[in-house]
There are 2 protein chains.
Amino acid sequence: MKRLLTGFLLSTSLGLGASPGMAKDQVTGFTLENGMEVVVIEDHRAPVVEHMVWYRAGSADETRGVSGIAHFLEHLLFKGTETLAPGEFSATVAANGGTDNAFTSYDQTAYHQRVAADRLGLMMQMEADRMLNIRLSEQDILTEREVIIEERNQRVENDPSALMREQMRAALYLNHPYGTPVIGWRHEMVTLDLEDALDYYRSFYAPNNAVLIVAGDVTPQEVRALAQTHYAPLAANPDLRPRDRAQEPPQLAARRIEFADPRVAQPYVLRSYLAPERDPGDQEKAAALTLLAEVLGGGQTSVLTQKLQFETQKAVYSGAWYSGTSLDDTSFGLVIVPTPGHSLDEAEAALDQAVAEFLQEGVDPDQLERIKFQLRAAQIYARDNSGSLARRYGDALTSGLTIEDVQAWPDILAAVTGEDIIAAAREVFDPKKSVTAHLKTQEAAQ
Amino acid sequence: MKRLLTGFLLSTSLGLGASPGMAKDQVTGFTLENGMEVVVIEDHRAPVVEHMVWYRAGSADETRGVSGIAHFLEHLLFKGTETLAPGEFSATVAANGGTDNAFTSYDQTAYHQRVAADRLGLMMQMEADRMLNIRLSEQDILTEREVIIEERNQRVENDPSALMREQMRAALYLNHPYGTPVIGWRHEMVTLDLEDALDYYRSFYAPNNAVLIVAGDVTPQEVRALAQTHYAPLAANPDLRPRDRAQEPPQLAARRIEFADPRVAQPYVLRSYLAPERDPGDQEKAAALTLLAEVLGGGQTSVLTQKLQFETQKAVYSGAWYSGTSLDDTSFGLVIVPTPGHSLDEAEAALDQAVAEFLQEGVDPDQLERIKFQLRAAQIYARDNSGSLARRYGDALTSGLTIEDVQAWPDILAAVTGEDIIAAAREVFDPKKSVTAHLKTQEAAQ
């Protein structure tokens, strides 16, 4: 089948909402009596809808030792229910001219279909059915477990860079479950069984742990009526617990890892810093870090590109990224791929030097103005894609944020100053909270 | 009160039992109907007994996010029960001329008293009482939580070396709960509450999860009769789950950490390798590693001392240690404290050089013979202390081993060859499974 696992992708870093001075997105939110949150994003330009159900449950909500179960269950939701035969869900979507998919990340699991607007009720009927009524056989477990293990082989085991990022994340998080890969550790995946899947399902799949996002050619009234019919009858889970996960202790020691694999064609240096995330009503620091990533690594005019690729020519590529939409502490990343003839140590020193210079020199006001202009443009273009708006709201609402936070975000980004960016950089670039990784072809002599 | 937390101490590395050619320890084992295991170690030279109850539950059995609860509960067991007032337990032991204490480690929690042999029944009566009947108030929680936090302040927060070892362990274990400190992460300790303590108590404190060790001036018949009276009436916990914890994924990348603290008087380099532990019926590799630690770091004639302190004079101290008595993967450690004028990088290179030379040169047969002779002598002396014999059996039996494994251990150690030691060293000294830590006074310039 055709499911993505977004946990492996770098999230797009900007997380745009409506732009300042623009009309806000036509977004309406309400909550059903059973606790299911609903968000409607109107876009009447074409007679289609995006129907998404997001669960506030991802891989970081798993019990230690059963890693991968969130993603495994996502696969298993395409098996049958009391009324749908295995595979019938997707076949029905396709027979109605639509497409469907699902994905799992650290903080959320989401199921979505894109169909003609008049099929919305059918989508809700089927999605509501599999929220509480899946029927799984031992055979389903055995066959689908092979699928996820093969997925891990393809995405991780065959890719030294992915393997290294896994080890790096495990070193970045000393206590928090973000250190465990979304797809799971292989030795635990092979043991996942029916009971593990049903435990996770019963704990987290319930209307009071779900967010319904409908984007497209519908009105809030229509969505409300259909949701009342299909989702409102579902019983809430009275035992749903608050999402208070194990948090990080003080990180007191810079960490380094060295990963050598003969399959590596291009060595590079990767650095991750533990970094604060967007919190409800408190997004200013995350906004500054979002712009910091752009200033440092966003394209040809960025600071790292200028200093490392053009001026000193130490790098064939450099970059920076930050993904602020996260329930708990996230990370800020830097990368440098050295030009031939420069060692990884030299490249790392050049990267540190470039960052140190940047902290001294401050943010170029013209560059910041250009980035903000690009942001505004991107925000305007983003409104053309109601599917991506739907994802933005779903991602935010399952990461602890509110509709208001999403809508306030563009203004908060626009208000960030060069001084804010430098202050945020000085705070986040703390070696004690970092992991530096060297990916290389050869093992160093012991 | 007077409780120790052995998790912070390096275990004694040899784990001796009876020596080859000697009479076996006078050890008798049996199991009560409720599943409680009993071990009697006879020693009639003085009219005293050591009475110990060991639970197969330690900090590594905690739920993620409530670290420190195993140790906290150990403190709370000195509060009251239905029939004993708070503090009455220890006061009664003292009034009967005895001493009592308790300790918590990764794999076990143990309570013990040393008293006149005719008081054994009283000890059992009180210990059985607090196995199932503790009564805790909110006030007990508040006051005792202050005590454990102060204990952490003293043992960890005020000691840069302890802080570094904590960060190092968290980096060594990517998935297993051994990466969490026994005493707990401070930010989690401050949130521990009555419900957390009772959850742990109800899950793990039960006769079918306990091992009773009685050592001293008693016969197995006497212990059996008293245990029947005091422990046999206790109900087993029917929901006790197998101890299958999250295991390590393949470790693929050497890790390094750098810890700088102005309180550091003496910088040094510490290296830990993930290493196999003693498994029931399969202790040969652990025996080779036990001897490897002695060959490398046990005293003035050891390889590291010779090469690093005497020959090259790069070190004022060097050492090696290994603690094989562990339920899951343990670690093998190396340390070098450089002489003034040698950097930590130089010291680390010298350490690696010394180990590489050792792997080339092999084990000196005379040195191995001397170590084995010392082992035999230590085993003979160890039999003079029935208290330490009791600890050895308790530790082993709550770490997945059997009485037979403990008794087989001296013969297995005696059979280890130089080739076994080199083979074990080559296997365990895998950089990918290691963390190297530099403890220094000054932060490196960024």
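Convention: sequence-line order gives letters A, B, ...; per-chain numbering from 1.
Side-chain atoms of R426(B) come within 3.5 Å of backbone atoms of L359(B) as a donor-acceptor pair (strictly under, hydrogens ignored). For the pair R152(B) (side chain) and G184(B) (backbone), a donor-acceptor distance under 3.5 Å is present. Checked by atom type and distance alone, the side chain of Q251(A) never pairs as donor or acceptor with a backbone atom of P249(A) at under 3.5 Å. Using a distance-only test at 3.5 Å, with no hydrogens or angles considered, no donor-acceptor pair links the side chain of R255(A) to the main chain of I257(B).
By a heavy-atom distance cut of under 4.5 Å, R64(B), G65(B) are the residues of residues 60-67 of chain B near chain A, going up by number. Contacts of residues 187-200 of chain B with chain A at a heavy-atom distance below 4.5 Å involve H187(B), E188(B), listed in sequence order.
With chain B as the partner, the residue from G179(A), P177(A), A349(A) showing the most heavy-atom pairs under 4.5 Å is P177(A). Between chain A and the residues L163(B), T180(B), N175(B), the most heavy-atom pairs under 4.5 angstrom are made by N175(B).
Residues passing the ring pair (Phe, Tyr, Trp, His ring centres under 6.0 Å) test with H176(A) are Y173(A), Y178(A), sequence neighbours excluded. Residues meeting the side chain to side chain contact (heavy atoms under 4.5 Å, CB included) test with K307(B), sequence neighbours left out: V303(B), E311(B), A354(B), E357(B), E361(B).
A tilted orientation is assigned to the rings of Y273(B) and F429(B), their planes being inclined by 30° to 60°.
Residues L292(B) and F358(B) have side chains in contact (heavy-atom distance under 4.5 Å, counting atoms from C-beta outward).
The part of E248(B) that comes within reach of chain A is its backbone (N, CA, C, O), which places non-hydrogen atoms under 4.5 angstrom from that chain.
Look at E346(A) and K314(A) and you find no salt bridge, because none of the NZ, NE, NH1 or NH2 atoms lies under 4.0 Å from a carboxylate O. Here R245(A) pairs with D107(A) in a salt bridge; the nearest charged N to carboxylate O distance falls below 4.0 Å.
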